[in-house]
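Structure, as structure tokens:
Just so it is clear: chains get the letters A, B, ... in the order the sequence lines come, proteins before strands, and each one is counted from 1.
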Amino acid sequence: MSGYPYSKHISGLGALIAVAVILLIPTVAFAVPGSGEFIAHYSGSGREMTELYNLIAKICLAVLIIVEGVLLFAIIAFRRRSDDDRPVQNHGDLRLEAGWTLAALGLQIWIGVATIDVMFSTETPPEDGFDMTIIAEASQWDWDFFYEFPDDDGREPFMHEDLVVPAHQNINLIVTSRDVIHAIFVPDLGIKIDAVPGRNNRWWFRADGPVAQVRAPDYATVGPRQEPYPQTRSARFRNDRYAAADRVVTGLERRVDFLGWTRDVGEVSPYEGYNAVEYQGTCAELCGRDHWDMYFRAVVMTQSSFDRWVDDRLSAVDEPIGEAVYARRCASCHGDDGTGDDINPSLVGADRVINPDRINDHIEIVLQGEGQMQAFGPVLNDAEIAAVINHERTSWGNDGGTIDADDVAALREELGLEPRPFMAAEPTPTDELMARGERIYQSCVTCHGQDGQSYDPQAVPSLAQNEVVVAEEVDELVQVLVQGRDSDQWPGRKSPVARSMTDLQLASLLTYLRGSFGNDAPPVQPIEVTDIRDDLD
Amino acid sequence: MKEITAKGYLSPLTEEAKTNKLVYLKEWLCSTDAKRIGVLYLAFALVMGIFGGILSLLIRTELAQHGSQIFDPSFYNALPGMHATAMIFFFIIPAFTGIGNFVVPIQVGAPDMAFPKLNLAAFWILPPAALVTFMGFFLNSLPEFGWTAYPPLSNNVYSGMWGADFWVLGLILVGVSSTMAAINFLATVFNMRCKGMKMFQLPLFTWSVVVTSFLILAATPVLTSALLMLTFERLFPGVFHFFNPAGGGDPILYQHLFWFYSHPAVYIMILPGFGVISEVVSTFSRKHIFGYVLMAWSMIAIAVLGFVVWAHHMFTTGIALEARVGFMFLTMLIAVPTGIKIFSWLATMWGGSIKFDTPMLFAVGFIAMFTIGGLSGVVLASVPVDIQLHDTYYVVAHIHYVLVAGSMMTIFAGAYYWYPKITGKMYNEFWGKIHFWLTAIFINVTFFLQHWMGMKGMPRRYYDYDPQFEWANTISSLGSAALFAASLIFVVNMVWSWKSGEDADENHWYGDGVNLEWLIETPPNHHNFHEPPEWKPIIRQHVSPDQPGGLWHAKD
């Protein structure tokens, strides 16, 4: 043994440490509580996936330990002890090679069969049918959730910014997109599927929510385990506020600490007061600039809380409060108590405000303004106007009767004003429309030119002072862009370039066309495009 | 001026070039010698690798802490795509093409590649292609849709920037270049093998280049067609609706075409690495490769299976359950030939006489860590698990264990292994080992925690993230900086040793090299061999251990 150069021990030792470190890391990672655990825990199908993951991870860890162990042994046992070492050659061994080929194959088939079990049990629609359907519609960069109820239910469909579901109900989630591909992702509930424009993808789930977060036997499919499911958010890495496993939550359990930059988590959750658990949901497929800022709340409620929440949504808890609108828009002139001042008339006891026959006059002056008074029609939506008018007509001793948003909408139509219904999008600032439109217009310059002057007016019309472009009504322009002017005789005459654009994009393009090249027509809001498109369809 | 005294293929061809460095340089840049072109490829790959590394550092800097650090979201969104493009198309693939150019003609006993001018053309497409691909940096209009470029996000409506058109064009050019190189390799190996060099006598590195070339030939046209369709949609809006549902197209069609190329591309990036490891393990263990025939067939199996698994990148797009079951089983099957290779390397080392020089360290590190990447691939093959982990950092960890601990470490192994043959000099062994240790450790520091982030639900390509992931991201960012610094050691070692290293022997690795490149002078002469070589067939079939017949016995 005396012939060993010292350095060879060193390199052997070094290699030993290397492999030991490499071997240690995954082992330790699995040993740290919670760190090797899978994401989805709070729905039946999520737990099946978690069990499947744990099974595969254990198999893989075993294979890893065998491989690294053999490697480590080979490094130590077969290191070169002398420069004259000449090992015995072998070129293979059929039994050994066939052995590990078949072993690998067998292992893979085992994993595959276990996977198929879980796939069918989690993806096949439930035998007892769906209790509720929710449509998740993605757009850059927000989610809209549409709630629909069975026909005999009697409740109106509505839209909301969060995914709210009742616990222990089969939820049928239809996922689609208005523009690019997104993907809905709620890690805790094991929800993930792409939102593809032109497609309706389905994901169904049954969340635990605040009710007894244990593995219930009636939807245990991998093995009928009865024991409480372990708490999953490890105490080491997450605030351990949710330690107990088998319990019933009363009140709101908040698990959302972060909602991106555009949505504030806030001191008080909007779901305070319901028996519910909040989870974080987001977008998983790269969808443009603010892909990382599409967080939403996924809220699972008890059935009774959910029913209450739906009622609250439908009965306008979120609708504007007249007093608040008045304070913000009107009080600066008319005073907090409606008495006005030297210039601005008092609302207390004014004829227009207390006379039931003059209700429409009241609405009209708010919509269109008069003299000094600003027109609030373009600023406030129908519900806000109705709320503020009702506030004025029932406060400070006034008793002039009340209206609702439909009255405002009807009068708008009568007066030829633009519709501005409740819950419609806020008007987009013209600057933003122009900026977006300019970018979109770059696709048009090949024919229409950077300055809107066609290179060949015979074939391609100029856009500057073009009658269709600057017309008061943009219906025709929208129609040309969306439907094109192709005919059998003249294919390609004007292609339907806007067919795939969103309403915002088309409105931006229109605004840009109407405000550039010396044109001076008013901007176009997305809501107008929506209406025209609806008519076209 | 001092005369250039380099030997072998490095020696100037004309009298003028001996004294004039510019002429010597021109001789290099216009050389049709596969060895010189190989070195050009390697130098180009090195530069682009550093560029890609810097991009990854920018990404990790932005992610080092919660909140906004240095960029706005638009620029950040461009970075992952640019990093991937630089690393895949301009670092890994050219690096292996470079090693292949140098080694393959010698290993088959040929004086040069079959089409030397095509070879030079294939290389010279790359630098302009890189310029075109990354034109967005100069135009300040980088594509912000990742390297996958899924429409509708990548069409002209949502990504109207010019840089995206240049990017697509650059990738098409790269496809042309690698197709030319692949044709060249195949023609060389099939037509120019020397006497005695049957197909199943070929060294495994050459085998891996053959299989990779078939993959490139079959897969690249599909990517090119997908990119052309995308370009047509972009440049003629409203005319073409391949991927636009409103016009009767389908965005999922693009994903099918893209992954039909990009899944085999994963094997294009790792198979030559497998070949390198087979050479290195065999040489430094003083043993013939264990189960040579099965090793060759397992590469062919990987290549064939690689073409029928593409949809496993698309499990969340809503394709039918039955289709996913099929693709899942095929995906899992790929683990079998890959496992055969790992076990065969272990069996090659078993009973050997293993010397741990830097190439062998990298080979052992590769086997140890690539196994982690392979096994996380098995986890990802399972459909329900994949759906939950799709587009999270788990996938990021997986691809980096495969491409950094896999492709990059095998490129390092190959570079160190053939360095004495390529330059005629010996690199600095001490710094080589330091480089290995830092690389091995910091690959794990950088990427291991990303498994955890993914399993806890942190999506990839996020500009800002939930603060609960901050500590892990910070560690990952520190690791990436150290990993990059370690790679600079490699660069300095390579450049410095070429100038000042000790002279290398012909069969430098203790006389253990058995392939033809170790039997000719160092560095090789302009046409490799002075007279047509003859390969003395070695035993490639199974021989039971007690039978003599191996290399060392044959010498007796």
- request: Quick one: which of B:Phe329, B:Phe284, B:Trp162 has the most heavy-atom pairs under 4.5 Å with chain A, could you say?
  value: B:Phe329
- request: Side chain from CB out, backbone as N, CA, C, O: work out which of these in B:Ile342 comes under 4.5 Å of a heavy atom of chain A, or both, or neither.
  value: side chain
query: Relative to each other, are the rings of B:His66 and A:Phe258 parallel, tilted or perpendicular (30° and 60° limits)?
result: perpendicular
query: Can you find a side-chain donor-acceptor pair between A:Asp194 and B:Thr316 that sits under 3.5 Å?
result: yes
message: Is it the case that the side chain of A:Gln89 and the backbone of B:His288 share a donor-acceptor pair, with hydrogens and angles ignored and the cut-off at 3.5 Å?
response: yes
- request: Verify the distance criterion only: is there a donor paired with an acceptor across the side chains of A:Tyr53 and B:Ser382 at less than 3.5 Å?
  value: no
- prompt: Where do A:Trp292 and B:Tyr463 land on the ring-ring contact (aromatic ring centres under 6.0 Å, His included) test, with the steps shown first?
  reply: CA-CA 6 Å; A:Trp292 52 279; B:Tyr463 170 70; 4.9 Å; yes
query: Would A:Arg80 count as a cation-pi partner of B:Tyr510, with NZ or CZ less than 6.0 Å from the six-membered ring centre and within 45° of the ring normal?
result: yes
statement: Of the listed B:Arg460, B:Gln388, B:Arg234, the one with the largest count of heavy-atom pairs under 4.5 Å with chain A is B:Gln388
query: Using non-hydrogen atoms only, which part of A:Leu96 is less than 4.5 Å away from chain B: side chain, backbone, both, or neither?
result: side chain
Qualifying residues under side chain to side chain contact (heavy atoms under 4.5 Å, CB included), relative to A:Val482, sequence neighbours excluded: A:Val478, A:Ala498, A:Leu506, A:Arg533, A:Leu536
message: Does A:Gln280 form a side-chain hydrogen bond (donor to acceptor under 3.5 Å, both in side chains) with B:Asp466? I'd like the steps, not just the answer.
response: CA-CA 10 Å; A:Gln280 194 181 46; B:Asp466 192 321; 3.0 Å; yes
message: Going by the rule ring-ring contact (aromatic ring centres under 6.0 Å, His included), which residues pair with A:Phe120 if we only count those two or more places apart in sequence or in a different chain?
response: none
